[in-house]
Amino acid sequence: MALRIYNTLTRNKRDLEPLAPPRVGMYVCGVTVYDYCHIGHARAYVAFDIVARYLRYRGLDLTYVRNFTDIDDKIINRARERGQEPAVVAQQFIDEFYRDMEALNVAPADIEPRVTEHIPDIIALVERLIAKEHGYVVDAAPVPDGSAPAGRDVYFSVRSFEPYGRLSGRDIEEMQSGARVDVDERKRDPLDFALWKAAKPGEPWWDSPWGRGRPGWHIECSVMSMKYLGHTLDIHGGGKDLVFPHHENEIAQSEAATGQPFARLWMHNGFVNVNDEKMSKSLGNFFTIRDVTARFDPEAVRYFLLTTHYRSPLNFTDGQVEEAENRVAYIYETLARVESFLAQTAPAGDGEEFEKVFARGDEPYRPRHEFEQALDDDFNTPRALGLLSELLRLANLLLDGKEQEQIGRKLKPPLRARLLAEWQNLFAPMQTVLGLGARPPAEFLDQLRLRRCCRREIDPAWVEQRLAERAAAKHAKDYTLADQIRAELAAAGVEVRDAREKTIWRVC
Ligand SMILES: [Zn+2]
């Protein structure tokens with residue numbers, strides 16, 4: 001079955017048909033590195049991380065390119081505020097980006113080009129656009145201090161590219177009436193955008209045929225995507241906010257230069273709201289990834305992001321991230337239990353398969369198939385997570401010896417072990433695609449316990465002490481006292497479970 005992806009350009013789901021299968025080239029717009037990443041970034045890069053992981057799971061040979069915008073007005077302003085070089089600011093936030101992505105288990109892209117390392121390529125493309133009369137050179141705007149400008153500006157002539165507006169579904173005449181407010185007399189058309197900008201005093205610059213200057217924002221993505229993936233990309237992605245003007249301009253630059261289609265599929269992830277309001281700095285509901293992962297396990301944030309389809313608006317609430325944290329804990333608890341069950345019970349049985357045991361009537365239970373169906377349908381992660389939950393429930397039925405509830409008969413422990421081993425084989429590839437449950441379970445559960453103790457103001461040492469007293473009471477056969485302590489802990493939010501050799505506790 002084909003993998004179907006919603007294409008912003010055609011406004012419907014299309015089969016992924018790579019130009020040169022099994023090779024797939026995907027370019028995703030990266031961050032401008034002047035500040036910490038926020039939840040909107042987390043959403044975009046987790047969404048495309050799933051795309052990358054699933055394409056590889058499907059046996060496709062993916063080259064994933066994600067850039068860093070390491071020169072830009074915002075970086076220059078931040079550098080000025082701090083009295084640092086723009087390159088220092090950029091490097092700092094590239095490092096911070098990696099830290100956040102690692103926490104969210106977002107794998108690096110295969111190629112991560114930076115604008116400042118591609119200036120000659122950018123100049124070459126701008127020259128080509130000028131030669132083809134899609135670009136034109138104008139005098140730079142006057143410098144405020146009256147000194148001579150360091151170079152000239154180059155603009156892209158939007159009127160020279162007939163399909164302009166197709167991706168965003170905008171009509172060029174309508175756009176123009178909206179753009180009249182800010183008329184720059186030097187431009188042929190108010191919609192024309194900068195390909196190259198003359199350097200202002202104190203700004204970083206590079207020598208070019210138009211004097212000292214630096215690239216406009218949009219040109220970098222045309223240059224870096226085509227350099228590494230060829231003139232036609234299989235997939236181009238980014239946040240919905242980039243459709244216009246950024247991606248519209250990328251198409252114009254690239255197709256005007258090469259005369260070939262730029263991207264076959266355009267994927268865009270939806271916005272993030274916070275408590276049903278648009279996330280914005282002015283509303284004070286603006287969260288960086290760092291803010292959120294200080295309060296919740298990063299994997300809970302990842303899980304939470306996957307609970308909504310990547311194209312739908314996502315509503316961020318603490319309650320929902322906390323719920324996601326419970327789901328992740330359930331994954332790790334189950335993995336730990338399966339591991340310990342298999343360490344104690346050798347699998348044996350008559351060769352019955354998991355699919356047959358958990359058959360649905362005459363139909364075998366085929367979770368792997370259902371998982372692939374979900375992700376083949378435009379990466380439907382909420383449905384994939386539903387399947388994961390169902391598998392976790394079945395594992396716990398086996399672990400609890402309650403399989404009778406599901407299949408109407410009781411199995412012997414060696415057969416349960418066999419099915420659990422089978423379960424592991426089913427579950428592991430799904431985990432890998434979703435990027436969940438990759439840490440050692442004990443490590444995750446210990447960290448979560450401490451995090452929750454801190455959140456609920458419970459002293460772990462107090463819990464340990466009460467548990468020791470409860471063990472002593474049980475040893476002395478004072479079951480009333482033991483039950484009292486258990487109830488006291490429960491009232492504080494501590495759940496106690498007596499396993500075979502030791503007592504396990506967790507904070508609910
Ligand atoms: Zn871009």
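When reading the values below, keep in mind they use all heavy atoms of this one structure, side chains included, and skip hydrogens, waters and symmetry mates. One-based numbering, in listed order, for ligands and for the atoms of each. Source: prediction; values computed, not measured.
Around the Zn ion (ligand 1), the protein contributes the following N, O or S atoms at distances under 2.8 Å: C29 SG, C221 SG, H246 NE2, E250 OE2.
Judged by a 6.0 Å distance limit and a 45° cone about the ring axis, R311 is positioned over the six-membered ring of Y6.
Among residues two or more places apart in sequence or in another chain, the ring-ring contact (aromatic ring centres under 6.0 Å, His included) test is passed with Y54 by Y57. For R56, the side-chain hydrogen bond (donor to acceptor under 3.5 Å, both in side chains) partners two or more places apart in sequence, or in a different chain, are D110. Looking at residues two or more places apart in sequence or on another chain, you find no ring-ring contact (aromatic ring centres under 6.0 Å, His included) involving W206.
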Show the numbers, then the answer: is there a side-chain hydrogen bond (donor to acceptor under 3.5 Å, both in side chains) between Y34 and N77? CA-CA 9 Å; Y34 74 104; N77 291 339; over 6 Å; no
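One finds the CD atom of E323 at 10.0 Å from the OG1 atom of T317 (value rounded to the nearest 0.5 Å).
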